[in-house]
Amino acid sequence: MPSKKYNLQHIPTISQTVQHTNGTVNLGFEEYDLEKNGHTNQDDLKKGNGEVNAAFEGATAEYPPLPPMGVDGVVADLPDEDGEERQEWSNPVEFLLSCIALSVGLGNVWRFPMTAYENGGGAFLIPYLIVLTFIGRPLYFLELAVGQFSSLGSVKVWKCVPAVKGVGIGQLVGNWSVVTYYCSLMALCVFYFIQSFSSVLPWSVCDYENWADENCVDASGNMTFTNTSQSSSEQYYIKYVLKQSDSIMDGIGLPEWRLSLCLLFSWVILFLTLAKGVQSSGKVAYFTALFPYVVLFTLLGRGATLPGAVDGVIYFITPQWEKLADPSVWYAAVTQSFFSLSVGFGAIITFGSYNNFKQNVYRDAWIISLADTLTSLLAGFTIFCILGNLAHELDTDIKRVVRGGSGLAFISYPDALAKFDYAPQVFAVLFFLMMFTLGVGSAAALTNNVITVFCDQFPKVKKIYITFGICLVSFLIGLVYVTPGGPWIVDLVDYFGGGFIIFVLVIIETVSIMCIYGMRNLLRDIKFMIGVDLGIYWKFCWAFFIPVSLTAILLYILIDLRLPTFNGIAYPTVAYAAGWALAGIAVGFVPLAFIHAVYIGEGSSLIKKLVGVFRPKPTWGPAKNKYRKEWEKIKNSD
């Protein structure tokens with residue numbers, strides 16, 4: 001056996017380095033029997049110059065430092081000198097645009113305006129801006145920072161607090177739930193985009209032979225609008241596009257073949273976007289982040305000139321002050337902030353993990369959150385300008401033309417587009433291309449988070465294979481949403497998967513980082529990474545306002561529980577049970593993962609194992625050794 005000398009100067013403690021419980025020590029992945037060579041404890045191996053001489057003479061420089069070892073002699077995964085191989089964004093601009101594409105999505109166009117209207121109109125902007133300032137933006141920066149600091153995905157990042165690694169798994173469930181139905185909305189955009197090339201927009205006239213009935217009113221507005229009337233765009237959407245069921249008591253039905261093909265196309269585009277990881281998705285972000293603004297400003301300019309536009313804007317911003325005392329409004333503000341910024345889904349952590357270690361995410365968090373807010377307001381004004389015109393043309397109250405959820409994008413907006421005097425097909429093509437683009441930007445980021453979790457867990461499998469597998473499985477799950485009962489399932493999954501799950505996990509996430517990992521440690525890490533001393537605003541939000549306010553709102557919502565309905569119709573009991581099961585699975589991963597962490601934890605007794613899971617793993621820290629060495633010196637000096 002050749003002579004070797006192993007340097008321990010870069011290893012934090014000798015106890016992490018030498019394991020002799022079983023009489024062996026692992027030296028550069030070669031076992032050396034201690035007792036056979038006269039060594040019975042660690043002191044025999046320690047030398048004054050910080051080197052281990054394992055009964056060998058001489059020294060050879062090609063052997064690496066001894067890796068840290070667990071209680072069973074298992075070598076821990078300390079990064080090598082150059083860090084683990086991990087993709088990085090080609091440049092900071094691509095990262096910034098990708099984050100904007102993630103945060104500025106379909107939720108800004110159809111979810112924000114309706115959420116604002118249903119929860120106080122102009123008065124909703126007050127709780128929304130407060131939530132954004134004291135909850136949304138701080139959480140966004142927190143997730144970006146921990147992801148960039150560790151270069152780890154949303155599950156492995158919990159090496160900082162192994163006891164709550166189930167938070168990352170639960171967020172994965174919520175993330176995957178949302179992205180599967182998100183792509184069903186993209187499929188609708190593809191369908192409408194194709195239909196927009198018709199010589200006459202098909203939803204602008206009542207087709208009595210195929211889908212319209214006697215209550216249909218076409219876009220000409222010549223017929224009288226009564227209480228039983230439905231616009232041609234509404235009947236086209238419900239009866240022709242979705243073939244929507246009036247009830248799901250007897251099941252959801254089979255997937256609609258045209259929408260299934262559109263869904264397949266959407267996932268093919270996402271696969272091509274994600275095939276090369278952030279290197280390819282970053283390039284796509286130049287289009288997905290910027291093009292929607294071109295269309296929104298174009299539509300706003302056109303919509304503002306339409307008769308009745310001002311009435312629509314006034315209707316949108318007129319406050320209902322009594323709503324501010326309703327905790328459900330604040331709950332809606334928080335969930336809208338989470339949905340819009342994509343906070344709590346794990347995608348922000350993943351995006352940050354592909355950053356250069358010194359990227360100024362402090363600045364980026366401010367830019368992205370501001371862009372998200374302004375885009376929501378821009379979309380609100382644009383949509384209600386057009387809805388005001390629609391109400392004016394039909395000579396009816398604006399409440400009659402307002403539709404919630406996907407109906408805003410696929411009923412009210414198409415109806416208004418059909419009334420444009422000049423080239424309505426052009427505006428329709430631009431609008432649905434914009435909607436699809438918004439969907440690609442957000443769905444790519446959410447899907448990339450799922451892919452990253454599996455790539456981190458199975459590093460030997462090629463990323464393109466994992467990407468293909470995730471896209472295929474997601475497509476198959478998404479077929480549920482293009483059935484006649486699909487719209488019912490979308491609203492149900494949105495409530496439990498996109499709202500309740502994330503709300504609970506964000507509370508656990510914040511408390512764990514602030515109270516277990518420690519706010520002081522977090523502030524130290526951020527200062528080391530980007531050189532910024534964070535002030536009282538961040539400390540107040542992270543340590544007090546976020547956990548206290550979110551917990552208070554959640555408790556009220558659970559006490560005054562209002563389960564979701566679809567068009568005012570309650571779901572069958574089995575549907576509510578499935579929704580609670582989805583939430584229970586996601587949140588249930590937290591205690592299950594805690595038990596697993598204790599089971600595999602280091603320590604000879606249960607108490608030591610319990611203590612250990614509330615401390616960062618030895619491998620927690622910057623991925624690249626050149627930063628890790630500096631950080632360990634600062635950490636040890638503290």
Side-chain angles (χ1 to χ4, degrees), residues 106-107 110-111 114-115 118 173-174 176-192 203 210-213 215-216 228 230-231 233-264 266-267 335 339 402-412 473-502 557 561-586:
L106 294 177
W110 59 264
R111 202 176 193 274
M114 284 313 308
T115 303
E118 293 170 354
V173 174
W176 211 341
S177 300
V178 168
V179 77
T180 51
Y181 87 67
Y182 209 84
C183 286
S184 71
L185 299 178
M186 292 168 56
L188 290 173
C189 294
V190 174
F191 185 88
Y192 271 83
W203 57 83
N210 295 306
W211 47 265
D213 60 26
N215 294 319
C216 181
T228 59
Q230 289 180 308
S231 66
S233 62
E234 182 174 3
Q235 291 203 359
Y236 178 81
Y237 175 67
I238 294 175
K239 297 183 177 183
Y240 181 74
V241 179
L242 296 180
K243 295 181 170 46
Q244 182 177 299
S245 298
D246 295 329
S247 172
I248 57 171
M249 294 297 294
D250 298 324
I252 59 175
L254 297 175
E256 210 283 327
W257 71 270
R258 300 165 305 170
L259 294 181
S260 298
L261 291 177
C262 293
L263 181 65
L264 177 61
S266 300
W267 277 109
T335 52
F339 191 92
V402 172
R403 294 288 188 277
S406 60
L408 181 64
F410 301 107
I411 297 177
S412 298
V473 172
S474 299
F475 163 71
L476 295 175
I477 295 173
L479 291 174
V480 172
Y481 303 112
V482 295
T483 61
W488 293 72
I489 308 302
V490 168
D491 285 6
L492 189 71
V493 173
D494 180 61
Y495 179 86
F496 287 102
F500 183 82
I501 289 175
I502 304 304
I557 294 300
L561 189 62
R562 303 174 188 176
L563 292 175
T565 59
F566 185 77
N567 292 335
I569 303 173
Y571 285 83
T573 302
V574 66
Y576 287 125
W580 283 117
L582 175 64
I585 290 171

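For this chain, numbers begin at 1 and follow the sequence in order.
- For the side-chain contact (heavy atoms from CB on, under 4.5 Å) test, residues two or more places apart in sequence or in another chain that qualify with Leu264 are Val268, Phe475.
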Check step by step if side chain to side chain contact (heavy atoms under 4.5 Å, CB included) holds for Phe496 and Val493.
CA-CA 5 Å; Phe496 287 102; Val493 173; over 6 Å; no
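- Considering OH of Tyr182 and OH of Tyr481, their distance stands at 14.0 Å, rounded to 0.5 Å.
- Between the side chain of Ser233 and the main chain of Ile411, a donor-acceptor pair closer than 3.5 Å is present.
- In this pair, Tyr236 and Tyr192 present their aromatic rings perpendicular. The plane angle is above 60°, beyond the 30 to 60° band.
- Here the closest non-hydrogen pair linking Ser266 and Cys183 is OG-O, 4.3 Å.
- For the side-chain contact (heavy atoms from CB on, under 4.5 Å) test, residues two or more places apart in sequence or in another chain that qualify with Ile557 are Ser328, Tyr331, Ile553.
- Checked options Val482, Leu263, Leu261, Leu259; the residue passing with Phe191 is Leu259 (criterion: side-chain contact (heavy atoms from CB on, under 4.5 Å)).
- Annotation for Val490 and Ser184: closest pair CG2-OG, 4.1 Å, computed over non-hydrogen atoms.
- Closest heavy-atom contact between Arg258 and Val241: NH2-O, 3.7 Å.
- For the atom pair CG (Leu254) and CG (Leu479), the distance works out to 10.5 Å, reported to the nearest 0.5 Å.
- In terms of modelled atom types and a separation under 3.5 Å, the side chain of Tyr576 and the main chain of Pro564 share a donor-acceptor contact.
- Inter-residue side-chain proximity for Leu242 and Leu188 is flagged as met; some heavy-atom pair is nearer than 4.5 Å.
- Checked against side-chain hydrogen bond (donor to acceptor under 3.5 Å, both in side chains), Tyr571 has no partners two or more places apart in sequence or in another chain.
- Of all non-hydrogen atoms in Lys243 and Pro484, the two that sit nearest each other are O-CB, 3.2 Å.
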Show your working on side chain to side chain contact (heavy atoms under 4.5 Å, CB included) between Ile489 and Tyr181 and close with a plain yes or no.
CA-CA 9 Å; Ile489 308 302; Tyr181 87 67; over 6 Å; no
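- No side-chain N or O of Tyr240 forms a donor-acceptor pair with one of Asn210 less than 3.5 Å apart.
- Nearest approach of Asp213 to Gln235, heavy atoms of both residues: OD1-NE2, 2.6 Å.
- Residues satisfying the side-chain contact (heavy atoms from CB on, under 4.5 Å) criterion with Ile569, sequence neighbours excluded, are Trp488.
- In this structure Thr483 satisfies the side-chain contact (heavy atoms from CB on, under 4.5 Å) test together with Ile252, Pro255, sequence neighbours excluded.
- If you take CG on Leu492 and CZ on Phe566, they are separated by 11.0 Å, rounding to the nearest 0.5 Å.
- The minimum heavy-atom distance linking Pro572 with Met249 is given by the pair CG-SD, 3.5 Å.
- With rounding to the nearest 0.5 angstrom, the OG1 atom of Thr335 is 11.5 Å from the CD1 atom of Ile502.
- For Trp176, the side-chain hydrogen bond (donor to acceptor under 3.5 Å, both in side chains) test picks out Ser474, with sequence neighbours left out.
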